[in-house]
Asker: 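I'd like to ask some things about the structure below.
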Amino acid sequence: MSINKDTIKKISKLARITVTNDETDRLEKDLNSILKFVEQLKELNTDNVEPISSVSDQDLTMNKDEVKKINAKDDILKNAPEKNSNYYVVPKVIE
């Protein structure tokens, strides 16, 4: 498979981007070299290679899903520079 100028113009139209003639020539060369590399990858023998989802062998630790009702209102309001009963007091923004 190779990419020609008509294909690049069609892709640029679908992507709604403007491509000049100079860019079309450069893109044609670049995209064809990418496709050539992908074709080389298809030739690799991967019969005895196990698929992996990560390059790391570490197992992920799973935490238990526990529902906790935490009422940290007082702890949170300790950080407020000014408060009124159970609320933060902030400067008025809209007049």
Side-chain angles (χ1 to χ4, degrees):
M1 177 180 185
S2 67
I3 300 222
N4 56 20
K5 292 179 183 180
D6 293 333
T7 307
I8 292 174
K9 288 179 182 179
K10 182 178 180 181
I11 292 170
S12 66
K13 183 179 178 182
L14 291 173
R16 300 192 192 301
I17 58 174
T18 305
V19 179
T20 64
N21 288 335
D22 294 336
E23 291 173 329
T24 304
D25 294 337
R26 186 176 47 83
L27 284 171
E28 181 181 7
K29 180 183 170 190
D30 291 344
L31 291 173
N32 281 322
S33 68
I34 291 170
L35 289 175
K36 184 178 176 183
F37 179 72
V38 171
E39 291 296 325
Q40 287 178 352
L41 290 176
K42 286 183 180 179
E43 295 173 7
L44 291 176
N45 183 6
T46 58
D47 292 338
N48 297 327
V49 178
E50 291 184 33
I52 59 171
S53 59
S54 174
V55 294
S56 174
D57 280 339
Q58 292 180 336
D59 291 331
L60 295 176
T61 56
M62 301 293 282
N63 295 331
K64 278 189 171 182
D65 288 336
E66 297 177 0
V67 177
K68 296 180 183 177
K69 188 171 183 178
I70 300 174
N71 190 359
K73 173 179 56 174
D74 296 330
D75 293 334
I76 294 171
L77 285 173
K78 285 180 188 176
N79 297 322
E82 188 179 346
K83 60 184 175 181
N84 181 2
S85 131
N86 292 329
Y87 303 99
Y88 280 102
V89 175
V90 295
K92 188 175 181 180
V93 179
I94 301 174
E95 294 183 29

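Basis for what follows: all heavy atoms, side chains included, without hydrogens, waters or symmetry-related copies. For the single chain, residues carry numbers from 1 onward in sequence order.
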Asker: Are Asp6 and Lys10 side-chain neighbours, meaning at least one heavy-atom pair lies under 4.5 Å?
Answerer: no
Asker: For Ser12 versus Val19, what's the shortest heavy-atom pair and its separation?
Answerer: CB-CG2, 3.4 Å
Asker: Under 4.5 Å between side-chain heavy atoms, chaining through other members, with only Ile, Leu, Val, Met, Phe, Trp and Tyr counted: pull out the rest of the cluster around Leu44, sorted by chain and number.
Answerer: Phe37, Leu41
Asker: Hey, what do you get for CG (Asp25) to CG (Asp30), rounding to the nearest 0.5 Å?
Answerer: 11.0 Å
Asker: Going from CG on Leu31 to CZ on Arg26, what distance comes out if it is rounded to the nearest 0.5 angstrom?
Answerer: 9.5 Å
Asker: Nearest 0.5 Å, what's the CG-CD1 distance between Asn86 and Ile76?
Answerer: 11.5 Å
Asker: With a 3.5 Å distance limit and no angle check, can you tell me whether Thr46 reaches the backbone of Val49 through a side-chain donor-acceptor pair?
Answerer: no
Asker: Salt bridge check, Lys36 against Glu39: does any charged N sit closer than 4.0 Å to a carboxylate O?
Answerer: no
Asker: Mind listing the closest non-hydrogen atom pair of Ile8 and Ile3 along with its distance?
Answerer: CG1-CG2, 3.6 Å
Asker: Taking Leu35 as the starting point, is it possible to reach Ile11 by hopping between hydrophobic residues whose side chains are less than 4.5 Å apart?
Answerer: no
Asker: If the condition is side chain to side chain donor-acceptor pair (under 3.5 Å), which residues does Thr24 pass it with, not counting sequence neighbours?
Answerer: none
Asker: Write down the atom of Ile94, the atom of Lys92, and the distance for their closest heavy-atom approach.
Answerer: O-CE, 2.9 Å
Asker: By the salt bridge (charged side-chain N to carboxylate O under 4.0 Å, His left out) test, which pairs, at least two apart or in different chains, include something from residues 71-81?
Answerer: Asp75-Lys78
